[in-house]
Each structure stands twice: as C-alpha cells, then as structure tokens.
Amino acid sequence: MLRCWKHSEANLEDPQNMHCGPMSSSRVPHKVLWGSIAAMLLIVIIALGVAAYLGLEHKTQVVRIPDHMGDLINQSALIDKHNSVVTYSVTSHINHTSIVLFDMRHGLVCYKPDNHDSCFLRRMESLDYENVQSQLNKSEQRVRQVWVVGNQTEKHTEFLGVLSSSRVEASTLQEPLQSLCQQASVYWTRRSDGPGKQRLIYFCIDICFPSNICVSVCFYYLPE
C-alpha cells in the first residue's frame with residue numbers, strides 16, 4: 001500500500017509535487033514483545049530445572065564392590081616392600097575386581113574400579129600410613145601376595161567427593177600410578193561428610209585391613 005503527500009509550499013494542483021512511498025505496517029509494542037520472550041525463557045529454565053531434578057532422583061544409585069561383606073572376603077594384597085607400595089585387589093561376587101593402591105613413597109592412595117574407566121586419587125593420612133607400614137613390616141620378601149581376611153571387628157564408611165574440575169593427565173603421575181591409570185581418566189577427591197540428597201553416588205568399595213578394620217569408601221561427584 002502506498003502513501004502520498006504534497007509539499008505545503010508548492011502548488012497543490014501540480015502533480016510533479018506529489019510524492020509517494022510505502023506505508024509503514026503496524027508494529028507490536030516493544031514491551032509486549034520482550035515480555036513474551038522473557039516469559040518463554042523463564043518457562044524453558046523451569047522445565048530444564050524440573051527435568052534435571054527428576055533425572056537425579058531417578059539415577060541415584062550405589063554400586064558396591066563387593067555388594068556384601070562376610071567373614072571371608074575375596075581380597076588380596078600385593079606387597080612391594082622395595083617401593084613401599086601395597087596394592088589391594090577386591091573382587092565382587094560378579095568377578096569385578098577393583099584396585100586400591102597405597103603409594104607410601106609419594107603419599108597417595110589410588111582407587112580404580114573395574115567397571116569404570118577412571119582413577120580417583122587422595123592424599124594418604126596417618127591411619128593409611130599405619131596400615132601400609134604394618135603390611136610392609138610383616139613382609140620379609142621384597143614382593144609377595146597375601147590374602148586378607150576381614151571379620152568386621154570395626155567397620156566405618158568414608159565419603160570422598162570427586163572434583164571433576166581437577167582432572168589430571170595420567171602421564172604426569174609417577175609409577176606405579178601411571179601404569180595403573182594409563183588408560184583411565186584421573187580425578188582428585190577430597191573427604192566429605194556425605195553426599196547431599198540430590199547428589200549422585202558413583203560407587204563404593206569395601207576394603208579390609210590386617211588390623212581388622214573394614215572401610216566402605218563411597219565416591220560421588222561434587223557440584224561445580
């Protein structure tokens with residue numbers, strides 16, 4: 001549709017002074033438009049939040065390795081006295097073997113579950129040093145493997161939060177951690193009081209020491 005107008009100072013009857021151009025269409029007010037966009041974004045954010053909440057509620061699980069503990073558990077320890085390393089192998093009832101390695105020389109503990117392509121690190125504490133040293137003192141050979149019997153004299157649960165933002169390259173680790181985790185993703189962990197209601201527990205490993213102390217170590221991802 002065209003809209004025509006005339007110059008006020010020119011001859012109104014002269015058609016040469018007539019100018020025509022396109023007529024502007026009606027516009028939606030800016031406030032209404034931006035208000036509609038904001039409302040749609042708010043609905044999308046709420047929907048995503050509800051979906052994430054329900055997803056966490058349904059996906060929360062605990063994978064226990066092994067899933068039950070008896071008087072005799074399928075667990076062995078490889079004692080390397082020369083390198084001050086004790087490696088525990090814990091096998092579940094479905095023949096999944098997880099590795100817990102105590103590297104006394106570098107002061108690190110490494111957890112590597114069989115059914116996950118990941119390694120989890122933490123710093124050794126005083127109790128860890130005592131347990132590892134007791135194993136090294138009992139060994140007269142440089143390297144030997146023994147079976148560990150746990151009678152549940154004392155048992156407690158430890159929670160370690162996985163710091164997903166603190167991933168490290170396996171190539172930067174010292175031996176024997178590098179060989180253990182060379183095909184896995186490596187993450188640092190830190191001790192915590194326990195996972196929140198909506199946090200996903202990744203897995204648990206039950207391990208017994210010669211001092212008749214059995215520990216259930218559970219991992220979960222910390223929120224960013």
Side-chain angles (χ1 to χ4, degrees), residues 62-70 72-81 83-139 143-163 168 170 173-192 201-221:
V62 178
V63 181
R64 187 170 297 280
I65 308 172
D67 63 342
H68 60 83
M69 297 183 62
L72 179 63
I73 63 175
N74 193 7
Q75 175 180 315
S76 63
L78 180 63
I79 302 171
D80 185 350
K81 190 172 184 177
N83 294 310
S84 299
V85 173
V86 176
T87 305
Y88 290 91
S89 298
V90 185
T91 303
S92 68
H93 68 292
I94 55 176
N95 292 327
H96 283 173
T97 300
S98 299
I99 304 298
V100 182
L101 187 149
F102 292 83
D103 186 351
M104 194 171 182
R105 180 173 297 177
H106 299 100
L108 294 175
V109 184
C110 180
Y111 302 87
K112 188 178 188 301
D114 175 73
N115 55 340
H116 296 88
D117 295 327
S118 301
C119 282
F120 303 96
L121 300 175
R122 71 171 175 86
R123 301 289 182 184
M124 287 184 63
E125 300 177 356
S126 58
L127 185 59
D128 300 318
Y129 282 104
E130 293 176 6
N131 290 325
V132 173
Q133 192 62 54
S134 65
Q135 286 278 38
L136 297 176
N137 293 338
K138 292 179 181 179
S139 177
V143 178
R144 75 185 184 100
Q145 188 168 9
V146 297
W147 291 95
V148 180
V149 178
N151 59 7
Q152 301 188 53
T153 302
E154 181 179 347
K155 181 180 177 180
H156 63 276
T157 302
E158 296 179 357
F159 291 96
L160 296 177
V162 180
L163 307 175
V168 297
L173 300 175
Q174 302 291 331
E175 291 292 347
L177 297 179
Q178 186 178 121
S179 298
L180 179 64
C181 303
Q182 59 182 347
Q183 300 296 332
S185 302
V186 185
Y187 299 95
W188 281 104
T189 65
R190 70 184 182 196
R191 190 177 300 279
S192 178
I201 296 179
Y202 199 39
F203 64 91
C204 295
I205 296 178
D206 295 325
I207 182 172
C208 288
F209 299 98
S211 57
N212 292 331
I213 297 177
C214 296
V215 181
S216 179
V217 183
C218 296
F219 298 84
Y220 67 94
Y221 281 103

Trainee: Under the side chain to side chain contact (heavy atoms under 4.5 Å, CB included) test, which residues partner Y221, sequence neighbours left out?
Mentor: F120, V162, S164, Y187, Y202
Trainee: Looking at N137, I'd like to know if its CG atom is crowded, meaning that more than 12 non-hydrogen atoms belonging to other residues, nucleotides or ligands lie closer than 6.0 Å.
Mentor: yes
Trainee: I want to check something: taking the side chain as every heavy atom from C-beta on, are D80 and T87 in contact at a cut-off of under 4.5 Å?
Mentor: no
Trainee: Is there a side-chain contact between N83 and P176 in this structure, where contact means two heavy atoms from C-beta onward sitting under 4.5 Å apart?
Mentor: no
Trainee: Test your reading of the model: is there a side-chain donor-acceptor pair from Q178 to the backbone of L173, 3.5 Å cut-off?
Mentor: yes
Trainee: Within the 4.5 Å heavy-atom criterion, are V100 and V109 side-chain neighbours or not?
Mentor: yes
Trainee: Any idea which heavy atoms bring I213 and H156 closest together, and the distance?
Mentor: CG2-CE1, 4.0 Å
Trainee: Taking C-beta and beyond as the side chain, do I99 and S89 meet within less than 4.5 Å on heavy atoms?
Mentor: yes
Trainee: Could you report the tightest heavy-atom contact between V132 and M124, atom names first, then the distance?
Mentor: CG2-CE, 4.0 Å
Trainee: Just checking, is any N or O donor in the side chain of T91 or T97 under 3.5 Å from an acceptor N or O on the other one?
Mentor: yes
Trainee: With a 3.5 Å cut-off and no angle check, do the side chains of N131 and Q135 form a donor-acceptor pair?
Mentor: no
Trainee: Report the distance from atom CG of L78 to atom OH of Y88, rounding to the nearest 0.5 Å.
Mentor: 11.0 Å
Trainee: Can you name the closest pair of heavy atoms from V215 and E158 and give their distance?
Mentor: CG1-CD, 3.7 Å
Trainee: Applying side-chain contact (heavy atoms from CB on, under 4.5 Å), run through V90 and D206 and close with a yes or a no.
Mentor: CA-CA 8 Å; V90 185; D206 295 325; 5.7 Å; no
Trainee: Check the pair C181, C110 against disulfide (SG to SG under 2.5 Å), reporting the backbone distance first and the verdict last.
Mentor: CA-CA 9 Å; C181 303; C110 180; 3.5 Å; no
Trainee: Roughly how far apart are L121 CG and W188 CH2, rounded to 0.5 Å?
Mentor: 5.0 Å
Trainee: Atom CD in Q182, atom CD in E175: separation rounded to 0.5 Å?
Mentor: 8.0 Å
Trainee: If you measure SG to SG, does C204 sit under 2.5 Å from C218?
Mentor: yes
Trainee: Do the side chains of S134 and F209 get nearer than 4.5 Å, heavy atoms only?
Mentor: no
Trainee: Could you check R123, R122, R191 and say which one makes a salt bridge (Lys or Arg N to Asp or Glu O under 4.0 Å) with D128?
Mentor: R122
Trainee: For a quick test of reading the model, state the closest non-hydrogen atom pair linking P113 to F203 and the distance between them.
Mentor: CG-CZ, 3.6 Å
Trainee: Decide whether Y111 and T189 meet the rule of one side-chain donor and one side-chain acceptor closer than 3.5 Å.
Mentor: no
Trainee: Ignoring hydrogens, what is the shortest heavy-atom contact between K112 and S118? Give both atom names and the distance.
Mentor: CG-O, 3.7 Å
Trainee: Under 3.5 Å, is there a donor-acceptor pair between the side chain of Q174 and the main chain of H106?
Mentor: no
Trainee: To the nearest 0.5 Å, what is the distance between NZ (K81) and CE (M104)?
Mentor: 12.0 Å
